[in-house]
Amino acid sequence: MDERFNRWLLLPLLALLFLLIVYQYVSPACPGAACPRRPPASAARRGGGPEEREEEEEAAAMPRLAAKFPFARGELCRRVRFDMRGRDVIVFLHIQKTGGTTFGRHLVRNIHLEQPCYCRAGQKKCACHRPGGDKDTWLFSRFSTGWSCGLHADWTELTSCVPAAMERRGCAGNRTLR
């Protein structure tokens, strides 16, 4: 009898606990107009009138679209010509936790090129040679040259390391950095 009593008591308690947890995640934080509206802190300090408070509340509710990084329109809309047959090299700056690994893999495996990157099965690095060449590379990335400048090298490390790394690889003509 003790076991039946525990089972009949435990089952409704677990169901009630489950419903309370579901209600906590599903229910809105402030249903309807039940949430109190606090005036902005600046109005409370100044002791401004109700009209000033309304204006500040409206201004606070409006999204702020001010530019954080004020780039010139010409910089954002410029076209850069990449000459794969020439001396240009794409240097891929890998930033952690931004999808860089996936994007880097797509650069070497999924881009339709005249001469696609050659990837061997089971190897992480692929050979991305220029069309008509067998030594010179057009891509400097983790999946083409490896971590030549160190693990997750930043912009300053790459700008000082890439020319020397390209010369070590036998690509002495690659001097232009953008």
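Here the structure is a predicted model, which means the values were calculated and not measured. Numbers here simply count residues along the sequence, with the first being 1.
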Check: For His94, which residues count as a side-chain hydrogen bond (donor to acceptor under 3.5 Å, both in side chains) partner, sequence neighbours excluded?
Finding: Thr101, His152
Checklist line | Closest non-hydrogen atom pair between Pro131 and Glu114, with its separation | finding: CB-OE2, 3.7 Å
Next item on the list: Determine, using the 4.5 Å side-chain heavy-atom cutoff (strictly less than), whether Val108 and Trp147 are members of one ILVMFWY cluster.
Entry: no
Note to self: Treating Gln115 as the side-chain partner and Gly132 as the backbone partner, does any N or O pair qualify as donor plus acceptor under 3.5 Å?
What the structure shows: yes
Next item on the list: Could you tell me whether Phe143 and Phe92 have their ring centroids closer than 6.0 angstrom?
Entry: no
Next item on the list: Identify whether Leu139 and Phe82 are in the same connected component of the hydrophobic contact network (ILVMFWY, side-chain heavy atoms under 4.5 Å).
Entry: yes
Checklist line | Residue pair Met166, Val89: steps toward the side-chain contact (heavy atoms from CB on, under 4.5 Å) verdict | finding: CA-CA 10 Å; Met166 293 299 282; Val89 176; 3.8 Å; yes
Next item on the list: Just jot down the side-chain contact (heavy atoms from CB on, under 4.5 Å) partners of Leu19, sequence neighbours excluded, or say none.
Entry: none
Item checked: Donor-acceptor contact below 3.5 Å, side chain Glu157 vs main chain Asp154 -> yes
Check: Nearest heavy-atom pair of Cys161 and Ser148: which atoms, and what distance?
Finding: SG-O, 3.9 Å
Next item on the list: Measure the distance from the SG of Cys119 to the SG of Cys126 and say whether it is below 2.5 Å.
Entry: yes
Margin query: For Arg130 versus Asp88, what's the shortest heavy-atom pair and its separation?
Written below: NH2-O, 2.6 Å
Next item on the list: Decide whether Leu158 and Ile95 are clustered together by the hydrophobic rule: side chain heavy atoms of Ile, Leu, Val, Met, Phe, Trp, Tyr closer than 4.5 Å, transitively.
Entry: yes
Next item on the list: Please assess Met84 against Leu113 for the test side-chain contact (heavy atoms from CB on, under 4.5 Å), listing each intermediate value before the final yes or no.
Entry: CA-CA 10 Å; Met84 184 180 280; Leu113 301 169; 3.7 Å; yes
Notebook entry, point to check: Can you tell if the side chain of Cys77 reaches within under 4.5 Å of the side chain of Phe71, non-hydrogen atoms only?
Noted result: no
Note to self: Between Cys149 and Phe140, is there a side-chain heavy-atom distance shorter than 4.5 Å?
What the structure shows: yes
Item checked: Step-by-step side-chain contact (heavy atoms from CB on, under 4.5 Å) determination, Ser141 to Phe103 -> CA-CA 11 Å; Ser141 78; Phe103 184 74; over 6 Å; no
Next item on the list: May I ask whether Leu107 and Tyr118 are part of the same hydrophobic cluster, defined by side-chain heavy atoms of I, L, V, M, F, W, Y residues being less than 4.5 angstrom apart, directly or through others?
Entry: no
Check: So how far is it from Arg169 CZ to Ser144 OG, rounded to the nearest 0.5 Å?
Finding: 7.0 Å
Check: Given Val22 and Phe18, is the side-chain contact (heavy atoms from CB on, under 4.5 Å) satisfied, shown in steps?
Finding: CA-CA 6 Å; Val22 168; Phe18 175 77; 3.6 Å; yes
Note to self: To the closest 0.5 Å, what do you measure between OG1 (Thr137) and NE2 (His129)?
What the structure shows: 7.0 Å
